[in-house]
Amino acid sequence: MSKRLPQHFPVEISVVIPLLNEAESLPELTRWIHRVLAQHGLTYEVILIDDGSTDNSWEVIEELAQADTHLRGIRFNRNYGKSAALNVAFRAAVGRVVCTMDADLQDSPEELPELYRMITEEHYDLVSGWKKKRFDPLSKTIPTKLFNGVTRWISGIKLHDFNCGLKAYDQRVVKGIEVYGEMHRYIPVIAKWNGFARIGEKSVQHQERKYGVTKFGLERFVYGFLDLLSITFVSRFRRRPMHFFGTMGTLSFLLGMIITLWLGGQKVYLALNNLKARDVTAQPLFFLALVAVVVGVQLFLAGFLAEMISLSGARRNDYLVREKLNIK
Ligand code: UDP
Ligand code: MG
């Protein structure tokens with residue numbers, strides 16, 4: 001084990017809560033968090049991100065903050081989505097451990113101390129909640145099973161419940177990754193691909209939604225699947241797009257060339273032997289060759305363009321450094 005200099009954190013836990021029209025839940029939720037964390041003697045902050053609510057969530061937050069100095073708030077100008085809210089809160093959080101939870105009282109604050117312990121004592125990078133017994137309609141739980149299965153298979157991370165709102169992170173993780181689009185469903189995947197491989201799971205209590213309605217419809221599964229494809233692709237080839245496009249392009253081009261040579265050779269052979277040759281354009285193979293060559297060239301071009309874009313990007317050389325030795 002390497003010796004680490006003690007790092008100073010202003011608070012032990014940052015509780016991050018993205019919310020959209022959850023005014024009714026907030027007083028109860030913040031009281032509950034306070035009760036649990038104060039009981040365990042943990043120092044904490046609560047960051048409430050109002051993601052463009054159209055009810056009076058923000059007024060409620062302002063009012064609550066007057067009586068409770070642990071509360072901090074960020075209010076978006078419009079609705080940007082849960083990932084955006086998490087991303088901004090992650091930048092603002094100062095705790096040693098950062099926990100996220102939903103605002104709707106479906107997740108229980110009673111889980112926070114144990115999640116904190118798992119990160120600080122068992123040294124997990126990330127611990128994800130697992131709603132072993134869910135209180136959601138079947139129309140949601142069945143597609144969710146499928147979603148989790150596919151994500152497990154593609155990412156190789158053995159979690160039961162990727163999309164659980166209740167999660168805890170070592171601060172290094174939230175400062176090191178970027179959550180965007182609808183990627184909140186895949187934070188464990190993003191973390192793993194950034195080298196935070198110690199990912200744990202804790203089964204957590206789940207309740208029925210007490211107030212308000214769910215903010216996500218069935219489109220979540222379509223978007224979720226497309227997001228998984230794009231983050232798989234981006235994480236592998238962001239820094240070397242030509243390896244992907246070039247390989248595919250070369251294969252396609254080669255296939256086209258081989259077929260072309262075959263057709264040409266056949267034609268010459270038949271002509272030399274005075275046999276009757278079929279028109280090249282009358283053969284399906286010709287069209288296959290044509291398409292393969294054109295697609296191959298296109299892929300190559302796409303690769304070049306992608307390579308140039310990634311060269312000019314400001315982030316072409318940002319790597320996550322874990323530790324340094326004798327280096328300022
Ligand atoms: N949420 C948000 N922005 C959005 C949609 C949802 O901040 O655009 C919040 C929402 O207020 C809640 C959490 O994300 O605190 C999870 O949403 P919800 O409970 O509706 O999702 P479900 O439990 O149905 O998966
Ligand atoms: Mg919910």
Side-chain angles (χ1 to χ4, degrees), residues 14-33 46-61 64 71-93 98-109 111-112 128-148 151 159-168 174 179-188 204-225 227:
S14 297
V15 183
V16 163
I17 307 174
L19 61 113
L20 177 64
N21 300 334
E22 310 277 7
E24 297 140 297
S25 312
L26 293 175
E28 193 174 329
L29 180 67
T30 49
R31 242 182 293 131
W32 193 0
I33 292 173
V46 177
I47 305 182
L48 297 155
I49 312 97
D50 179 350
D51 183 14
S53 293
T54 49
D55 67 355
N56 62 336
S57 291
W58 185 252
E59 285 73 36
V60 172
I61 292 172
L64 290 170
L71 301 193
R72 302 169 69 198
I74 297 171
R75 184 187 192 182
F76 279 166
N77 209 30
R78 67 168 178 85
N79 176 241
Y80 286 104
K82 190 174 176 184
S83 295
L86 289 178
N87 190 54
V88 167
F90 284 170
R91 302 282 87 79
V98 178
C99 294
T100 60
M101 60 191 294
D102 290 351
D104 53 7
L105 295 167
Q106 288 195 276
D107 301 328
S108 161
E111 312 284 354
L112 294 171
S128 180
W130 170 21
K131 293 161 283 185
K132 215 165 180 171
K133 190 159 164 33
R134 282 188 76 141
F135 292 88
D136 280 318
L138 271 187
S139 61
K140 200 155 124 188
T141 49
I142 291 174
T144 298
K145 281 219 160 69
L146 189 72
F147 161 89
N148 282 315
T151 310
L159 286 181
H160 291 90
D161 187 4
F162 282 84
N163 195 18
C164 184
L166 188 54
K167 288 193 173 61
V174 302
V179 190
Y180 63 95
E182 298 271 302
M183 299 298 186
H184 56 267
R185 302 193 178 91
Y186 297 111
I187 302 182
V204 296
Q205 296 291 327
H206 188 239
Q207 275 95 194
E208 234 166 292
R209 212 178 218 289
K210 194 158 173 189
Y211 309 102
V213 292
T214 176
K215 307 302 183 299
F216 297 102
L218 284 179
E219 80 284 354
R220 69 168 91 198
F221 297 106
V222 179
Y223 295 162
F225 179 65
D227 282 341

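Order of listing sets the numbers, starting from 1, for every ligand and every atom in it.
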query = Minimum heavy-atom separation for Lys167 to Pro188, with atom names?
reply = CE-CG, 3.8 Å
Identify the closest protein heavy atom to [atom]: which residue and atom is it, and at what distance?
atom: atom 20 (O) of ligand 1; answer: Lys215 N, 2.6 Å
atom: atom 10 (C) of ligand 1; answer: Glu22 OE2, 3.3 Å
atom: atom 19 (O) of ligand 1; answer: Asp104 OD2, 2.5 Å
atom: atom 22 (P) of ligand 1; answer: Lys140 NZ, 3.4 Å
atom: atom 17 (O) of ligand 1; answer: Phe216 CE1, 3.6 Å
atom: atom 2 (C) of ligand 1; answer: Asp51 OD2, 3.6 Å
atom: atom 7 (O) of ligand 1; answer: Leu19 N, 3.3 Å

message = Would the distance check show the side chain of Asp51 and the main-chain N or O of Pro18 forming a donor-acceptor pair, the cut-off being under 3.5 Å?
response =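 No, because the side chain of Asp51 does not come within donor-acceptor range (under 3.5 Å) of the backbone of Pro18.
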query = Hey, is the main chain of Gly181 close enough, under 3.5 Å, to the side chain of Ser83 for a donor-acceptor pair?
reply =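 Yes.
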message = Run the salt bridge (charged side-chain N to carboxylate O under 4.0 Å, His left out) test on Glu22 and Arg209 for me, step by step, so that the C-alpha distance in whole Å, both residues' side-chain angles and the decisive distance to 0.1 Å come before the verdict.
response = CA-CA 11 Å; Glu22 310 277 7; Arg209 212 178 218 289; 3.0 Å; yes
message = For Tyr180 and Asn87: C-alpha separation, side-chain torsions, deciding distance, then whether side chain to side chain contact (heavy atoms under 4.5 Å, CB included) applies.
response = CA-CA 7 Å; Tyr180 63 95; Asn87 190 54; over 6 Å; no
What part of [X], side chain, backbone, both or neither, has a heavy atom within less than 4.0 angstrom of ligand 1?
X: Leu20; answer: both
X: Ala103; answer: both
X: Arg220; answer: side chain
X: Asn79; answer: side chain

request  = Would you check if the Mg ion (ligand 2) lies under 2.8 Å from any N, O or S atom of Thr214?
outcome  = no
ask   = Counting backbone and side chain alike, does Asp107 bring an N/O/S atom below 2.8 Å of the Mg ion (ligand 2)?
value = no
ask   = Restricting to N, O or S atoms of Asp104, which is nearest to the Mg ion (ligand 2)?
value = OD2
query = Given Lys82, Gln106, Arg209, which one has a non-hydrogen atom that is nearest to atom 18 (P) of ligand 1?
reply =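 Nearest heavy atom to atom 18 (P) of ligand 1 lies in Arg209.
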inquiry  = Could you go through Asp102 and Lys82, starting from their C-alpha distance and side-chain angles, then the distance that decides it, and tell me whether this counts as salt bridge (charged side-chain N to carboxylate O under 4.0 Å, His left out)?
reply    = CA-CA 10 Å; Asp102 290 351; Lys82 190 174 176 184; 3.0 Å; yes
message = Ring-plane angle category for Phe147 and Phe221, please: parallel below 30°, perpendicular beyond 60°, tilted otherwise.
response =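 The rings of Phe147 and Phe221 stand perpendicular, inter-plane angle above 60°.
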Is there side-chain contact between [X] and [Y], with heavy atoms separated by less than 4.5 Å?
X: Pro27; Y: Val60; value: yes
X: His184; Y: Thr100; value: no
X: Leu105; Y: Gln207; value: no

query = Would you call Arg220 and Glu182 a salt bridge, using N to O less than 4.0 angstrom?
reply =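 Answer for the salt bridge query: no.
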request  = Report yes or no: does Gly165 have a heavy atom closer than 4.0 Å to ligand 1?
outcome  =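 No heavy atom of Gly165 comes that close to ligand 1.
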message = Taking distance alone, with N or O pairs closer than 3.5 Å, would you say Pro18 contacts ligand 1?
response =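 Yes.
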